[in-house]
Amino acid sequence: ETGFCNYKKYFPSDSFSIYTYIDGAFDYRYPVVFADQKLFISLDLFLGESHSFYSAFPEYIKFSHDTTYLPSTCFITLAGRHIPPPRLNNFLSSILYYSKAYFFAQTMLPDVLEYQLFKCPPQKLKWCYINEGDIWRYMIEHDYLFSTSSELLDKFVHLAPFSQFGSSTDTNSPGSVGVWLGLQIWKSYVSNNNITLQEVLNENDYVKVLNKSGYKP
């Protein structure tokens, strides 16, 4: 309710309908879909991680199928309505593009916890903050920011049980640590430059964002 009130504050001329439905296909990739001015919420994908319907899912996917993650999922999905099509030519542009939706969701849901955004145990987000400087140095030292390798998306962006640094402690990390890193860059950029939400959503000069963010964990 808070999120939708904030949405109307930011986008007063926009409107859409909300539809709940039960599909039974259990396609965990699309628990919420926005299309034709409608937000479709698949109720059968928010029954709780221990529900028997999810017995065939890996643990890290079961975890996210709870109503705890329903508000953040709605607004991460709804963000796509306001983000122009991407121009992704390297790892930096990918993590900043995908993290826009998370910044949008945080703006609509100011009390949402980051673990609810990233659908992972709270201790995995704590690991990110403890190791933030090391994560950033790892990306810099391996020249990943401007790499065009699609393998980096599998390692650090796409849905996964953990990110892949090639370390024995990888399992302590969340699967989308690159998107989490992108979100921290956006927050630094907005904080240091008095940037509006609309400017974040429309911005596609990602080198400028990085340079002006002052992000130095």
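Computed over heavy atoms, backbone and side chain alike; hydrogens, waters and symmetry mates excluded. Count residues from 1 along the sequence. What you see is a predicted model; the values in this text were computed from it and never measured.
For N6 (side chain) and M108 (main-chain N/O), a donor-acceptor pair under 3.5 Å exists by modelled atom type. Looking only at distances, a side-chain donor or acceptor of K124 sits under 3.5 Å from a matching main-chain atom of S173. In this structure a side-chain-to-backbone donor-acceptor pair under 3.5 Å is present from D44 to G24. K100 contributes no side-chain N or O that, together with a main-chain N or O of L183, makes up a donor-acceptor pair within less than 3.5 Å. Without hydrogens or angle criteria, S188 side chain to S213 main chain gives a donor-acceptor distance under 3.5 Å. Using a distance-only test at 3.5 Å, with no hydrogens or angles considered, a donor-acceptor pair links the side chain of W186 to the main chain of L96. A donor-acceptor contact shorter than 3.5 Å is absent between the side chain of N193 and the backbone of I195.
Residue H82 is tested with F11, F103, F34 for a ring pair (Phe, Tyr, Trp, His ring centres under 6.0 Å); the sole match is F11.
Nearest heavy-atom pair, L117 versus A105, reported as atom, atom and distance to 0.1 Å: CD2-CB, 3.6 Å. E49 approaches K62 most closely through the heavy-atom pair CB-O, 3.1 Å. The shortest heavy-atom contact between L125 and C120 is CD2-SG, 2.7 Å. When all heavy atoms are compared, the tightest approach of I135 to C128 is CD1-O, 4.0 Å. When all heavy atoms of P174 and W127 are compared, the closest pair comes out as CD-CE3, 4.3 Å.
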Problem - Steps toward side-chain contact (heavy atoms from CB on, under 4.5 Å) verdict (L153, S94) - result: CA-CA 8 Å; L153 301 184; S94 294; 3.7 Å; yes
Handout entry: Trace of the side-chain contact (heavy atoms from CB on, under 4.5 Å) decision for I83 with Y97
Key = CA-CA 9 Å; I83 299 174; Y97 169 76; 3.5 Å; yes
Handout entry: Intermediate values then yes/no, side-chain hydrogen bond (donor to acceptor under 3.5 Å, both in side chains), S147 and S149
Key = CA-CA 6 Å; S147 171; S149 172; 4.7 Å; no
Exercise for the section: Would you sort out whether L210 and L92 count as a side-chain contact (heavy atoms from CB on, under 4.5 Å), showing the intermediate values? Expected result: CA-CA 9 Å; L210 177 62; L92 176 66; 4.0 Å; yes
Exercise for the section: Report the C-alpha distance between Y115 and Q123 in whole Å, list the side-chain angles of each, state the deciding distance to 0.1 Å, and finish with yes or no for side-chain contact (heavy atoms from CB on, under 4.5 Å). Expected result: CA-CA 9 Å; Y115 86 88; Q123 62 266 29; over 6 Å; no
Exercise for the section: Test salt bridge (charged side-chain N to carboxylate O under 4.0 Å, His left out) on R29 and D27 and set out the steps. Expected result: CA-CA 5 Å; R29 297 171 299 170; D27 190 342; 2.9 Å; yes
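A salt bridge between K212 and E199 is absent, with no side-chain N of the basic residue lying under 4.0 Å from a carboxylate O of the acidic one.
T20 is not listed as a side-chain neighbour of F40, based on a closest heavy-atom distance of 4.5 Å or more. When side chains are defined from C-beta on, I76 does not count as touching L78, because their heavy atoms never get closer than 4.5 Å. Under the 4.5 Å side-chain criterion, counting only non-hydrogen atoms from C-beta, E203 is in contact with V209. By the 4.5 Å heavy-atom criterion applied to side chains, V190 and V200 are counted as neighbours. The closest side-chain heavy-atom distance from Y60 to L159 is below 4.5 Å. The side-chain heavy atoms of S42 and Y21, taken from C-beta on, include a pair separated by under 4.5 Å. For the pair Y98/L88, a side-chain contact is recorded, criterion being any heavy-atom separation below 4.5 Å from C-beta on. Using a 4.5 Å cut-off on side-chain heavy atoms (C-beta onward), T171 and P161 make no contact.
Atom OH of Y189 sits about 12.5 Å away from atom OG of S191, to the nearest 0.5 Å. Note: S93 OG to L145 CG = 10.5 Å, rounded to the nearest 0.5 Å. Between the CG atom of N204 and the CG atom of N202 there is a distance of 8.5 Å, given to the nearest 0.5 Å. Rounding to the nearest 0.5 angstrom, the gap separating the OG atom in S163 from the CG atom in D170 is 8.0 Å. Interatomic distance, L152 CG to H158 NE2, rounded to the nearest 0.5 Å: 10.5 Å. Taking CG of L181 as the reference point, atom CD1 of I95 lies at 5.0 Å (rounded to 0.5 Å).
Listed by first then second residue, pairs satisfying side chain to side chain donor-acceptor pair (under 3.5 Å) with a partner in residues 64-74 read D66-T68, T73-K119, not counting sequence neighbours. Here side chain to side chain donor-acceptor pair (under 3.5 Å) pairs that include residues 130-144, with residues two or more places apart or in two chains, are E132-Y215, D134-R137.
Aromatic rings from Y54 and F57 are positioned such that their centres are separated by under 6.0 Å. For Y102 and F118, the ring centers sit closer than 6.0 Å to each other. Centroid-to-centroid, the aromatic rings of F4 and F75 come within less than 6.0 Å. Less than 6.0 angstrom separates the ring centroid of F26 from the ring centroid of F53. F165 and F156 have their aromatic ring centers within a separation under 6.0 angstrom. Aromatic rings from Y7 and F16 are positioned such that their centres are separated by under 6.0 Å. Remark: aromatic rings of W180 and Y129 are close, center separation under 6.0 Å.
Residue Y19 is not grouped with residue I22 when hydrophobic side chains (ILVMFWY) are merged at heavy-atom distances under 4.5 angstrom, including chains of intermediate members. By the rule that hydrophobic residues join a cluster once side-chain heavy atoms approach within less than 4.5 Å of another member, V33 and L45 end up as members of separate clusters. In the hydrophobic clustering of ILVMFWY residues, with side-chain heavy atoms under 4.5 Å counting as a link, V179 and L113 come out together.
Annotation: K126, atom NZ; neighbour count of heavy atoms from other residues, nucleotides and ligands within 6.0 Å does not exceed 12.
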